[in-house]
J.: 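My questions will all concern the structure given below.
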Amino acid sequence: MFTINDNFRLLPENYLFSEVARRINAFKAAHPEADVIRMGIGDVTLPLCPAAIEAMHKAVDDEGNADTFHGYGPEQGYPFLRDAIALHDYNERGIDIRSDEIFISDGAKSDTGNFGDILGPDNIVAVTDPVYPVYVDTNVMSGRAGSLLGDMWSDIVYLPVTAENGFVPQIPEGVVPDVIYLCYPNNPTGTTLTRAQLKVWVNYALEHGSLILFDSAYEAFIREDDVPHSIYEIEGAKKCAVEFRSFSKTAGFTGVRCGYTVVPHTVMGRDEDGKEVGLNHLWNRRQCTKFNGASYVSQRGAEAVYTPQGQQQIKAAVDYYLNNAKVMLEGLAKAGLEVFGGKNAPYVWIKCPDGMTSWEFFDMLLEKCNVAGTPGSGFGPAGEGYFRLTAFNTLENTIEAVRRITNTK
Ligand code: PLP
């Protein structure tokens, strides 16, 4: 009989969001009159911007006409979108990234998850803790994580980010990771790194021959000047970093699906003979074999995001979410809670009061305030004692949730 990839058996069930849903449903069954506000949502709530909608309508019409029909597109993405990204997200910001270093995809989850395909099985992987779970689970699938001891994988290097270190990951002692996942602005903590703080990691990677996988899915939320929009703003990063971006949170494409990955020609890994091999070439090879391109319609929609109207419209939507985050930050701080993040990200990270665990705080908020969020411990051991609320909601619900929390304090 055939065998399976046993690494998948190592993975525990993804219980965080199902347990959240189970507890909310049980509460609602017991209290049918309760109006529970869900502040755990990691998905956008505003509709797509008119510029993208219009472009996609036109693209659908293109598909209905023999002269403008598009079948399979280039696996790397259409030049119209790769060029627009290179120009607006990089060149206009003084960063020298070329179109052929940009690979369009159906989103950053697939790309961050798949990138390990082109990396050796023995690389030592480091993640910040708490973390977006895709980085860890996909390394478990490919056998790089070792075994699960309690809630930590034996072969993964965890870089705790907590209030104690100001949510800045510190260089690990006694081990040199080969592959370092950094996500800024961060999910789940909503915190950021300054240029100087990110430079420490770029210099470390250059010195040790490590690769940084930089996830900037929340780049559009950056408002503060000292927060880099791209890792390539840091000198030397083009030799040691791959950057993942997405139109999901930038432009509401969570349902449409479009993202991209930047793999500079200058990022080199070593093969088993010690010879240098370019990651751009390998990623291209991987994509051409396993991926047939993002849809023409979604790429036209993404292109429209870069028009002046598109830029204005997506900024208005992101500003709306950031205002929700501000309402939470200010209101919850006034209520005496310690709050973090939320200034350049749609996530507010709360220190659970009175020594409560993440799940105790979850139950308390649900029962006393009828507000549901996400327990920080679900994102990693260093998330214990923290709690995530998201700005993806209406302003009215956000104000009401803050009012309820304030009143029970
Ligand atoms: N990266 C991070 C850090 C995320 O939080 C998310 C989605 O929540 C993604 C990537 C996935 O983005 P996409 O919708 O482009 O797959």
Side-chain angles (χ1 to χ4, degrees), residues 14 16-17 20 38-46 48 52 77 81 85 89 102-116 126-139 159 161 167 169 180-193 198 212-222 227 229-231 241-262 287 291 293-295 298-299 301-302 305 314 317-318 321 325 341-342 344-349 373-374 376 378-380 383 388-393:
N14 185 354
L16 175 62
F17 289 101
V20 165
R38 291 173 181 256
M39 308 288 284
I41 308 166
D43 193 356
V44 293
T45 46
L46 292 172
L48 283 166
L81 182 55
I85 291 168
D89 283 344
I102 294 166
F103 294 84
I104 312 298
S105 71
D106 64 350
K109 187 179 199 177
S110 343
D111 282 359
T112 51
N114 289 330
F115 209 81
V127 297
T128 55
D129 172 21
V131 70
Y132 178 54
V134 172
Y135 315 148
V136 173
D137 289 1
T138 53
N139 277 291
L159 311 168
V161 283
F167 299 95
I180 302 155
Y181 289 84
L182 295 177
C183 169
Y184 287 98
N186 188 257
N187 178 15
T189 66
T191 58
T192 48
L193 294 184
L198 185 56
I212 297 178
L213 296 179
F214 191 75
D215 184 346
S216 57
Y218 298 94
E219 178 273 337
F221 289 76
I222 296 173
V227 178
H229 286 255
S230 162
I231 195 167
V242 165
E243 179 160 287
F244 303 93
R245 292 244 192 135
S246 169
F247 293 96
S248 284
K249 309 296 159 71
T250 306
F253 274 49
T254 51
V256 173
R257 311 302 307 148
C258 197
Y260 66 88
T261 292
V262 183
Q287 290 298 80
F291 185 60
S295 88
S298 50
Q299 292 190 65
V305 165
I314 62 165
V318 170
Y321 297 131
N344 304 283
Y347 301 120
V348 171
W349 192 241
T374 313
F379 297 100
R388 192 188 77 172
L389 291 183
T390 87
F392 296 125
N393 215 312

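Counting starts at 1 for both ligands and their atoms, in listed order.
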J.: Give a yes or no answer on whether the side chain of Thr390 reaches the backbone of Gly42 with a donor-acceptor pair at less than 3.5 Å.
T.: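 Answer holds: no.
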J.: Just to confirm my output: which protein heavy-atom neighbour is closest to atom 9 (C) of ligand 1, and how far is it?
T.: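 The protein heavy atom lying closest is Tyr132 OH, 3.2 Å.
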J.: Once the angle between the rings of Tyr347 and Phe392 is folded into 0 to 90°, is it parallel (under 30°), tilted (30 to 60°) or perpendicular (over 60°)?
T.: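 Ring orientation, 0 to 90° scale: perpendicular.
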J.: So if I count the atoms of ligand 1 from 1 in the order they appear, which ones are less than 4.0 Å from some heavy atom of Asp215?
T.: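 Those of ligand 1 that fall under 4.0 Å from Asp215 are 1 (N), 2 (C), 3 (C), 10 (C).
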J.: Once the angle between the rings of Tyr181 and Tyr135 is folded into 0 to 90°, is it parallel (under 30°), tilted (30 to 60°) or perpendicular (over 60°)?
T.: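 Judged by the thresholds at 30° and 60°, the geometry between Tyr181 and Tyr135 is parallel.
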J.: Within a distance under 4.0 Å of any heavy atom of Cys183, pick out the atoms of ligand 1 and give their elements.
T.: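 In order of number, 3 (C).
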J.: Is any N or O atom of Tyr135, backbone or side chain, closer than 3.5 Å to an N or O atom of ligand 1?
T.: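 For ligand 1, there is no N or O atom that lies under 3.5 Å from one belonging to Tyr135.
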J.: Identify the residue among Thr261, Thr112, Asn186 that makes a side chain to side chain contact (heavy atoms under 4.5 Å, CB included) with Asp215.
T.: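 Among Thr261, Thr112, Asn186, the one that satisfies the side chain to side chain contact (heavy atoms under 4.5 Å, CB included) with Asp215 is Thr112.
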J.: Got a second to check how far Asn344's CG is from Leu193's CG, nearest 0.5 Å?
T.: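 It is 11.0 Å, given to the nearest 0.5 Å.
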J.: Looking at Phe115 versus Phe244, is the centre-to-centre ring distance below 6.0 Å?
T.: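 Ring centroids of Phe115 and Phe244 are less than 6.0 Å from each other.
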J.: Using a plain distance cutoff, I'd like to know if Tyr347 has any nitrogen or oxygen under 3.5 Å from a nitrogen or oxygen of ligand 1.
T.: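 Not met; the criterion fails.
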J.: List ligand 1 atoms under 4.0 Å from Lys109, heavy atoms only on the residue side.
T.: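 Within the 4.0 Å cut-off of Lys109, ligand 1 contributes 11 (C), 12 (O), 13 (P), 16 (O).
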J.: Using a 4.0 Å cutoff against the non-hydrogen atoms of Gly107, which atoms of ligand 1 qualify?
T.: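 Result: 15 (O), 16 (O).
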J.: With a 3.5 Å distance limit and no angle check, can you tell me whether Tyr321 reaches the backbone of Thr45 through a side-chain donor-acceptor pair?
T.: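 Looks like yes, one N/O pair under 3.5 Å.
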J.: How far is atom 14 (O) of ligand 1 from its nearest protein heavy atom, and which residue and atom name does that atom have?
T.: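 Among all protein heavy atoms, the one nearest atom 14 (O) of ligand 1 is Ser248 OG, 2.6 Å.
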J.: Tell me which part of Tyr218 gets within contact of ligand 1: side chain, backbone, both or neither, using heavy atoms under 4.0 Å.
T.: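 Only the side chain of Tyr218 comes within reach of ligand 1.
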J.: State whether a side-chain donor-acceptor pair under 3.5 Å links Thr254 with Asp43.
T.: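 A donor-acceptor contact under 3.5 Å links the two side chains.
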J.: Give the atoms of ligand 1, by number and element, whose distance to some non-hydrogen atom of Lys249 is under 4.0 Å.
T.: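 Those qualifying, in numeric order: 7 (C), 8 (O).
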J.: Which bit of Ala108 gets closer than 4.0 Å to ligand 1, counting heavy atoms only: side chain, backbone, both or neither?
T.: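 Under 4.0 Å from ligand 1, Ala108 contributes backbone and side-chain atoms.
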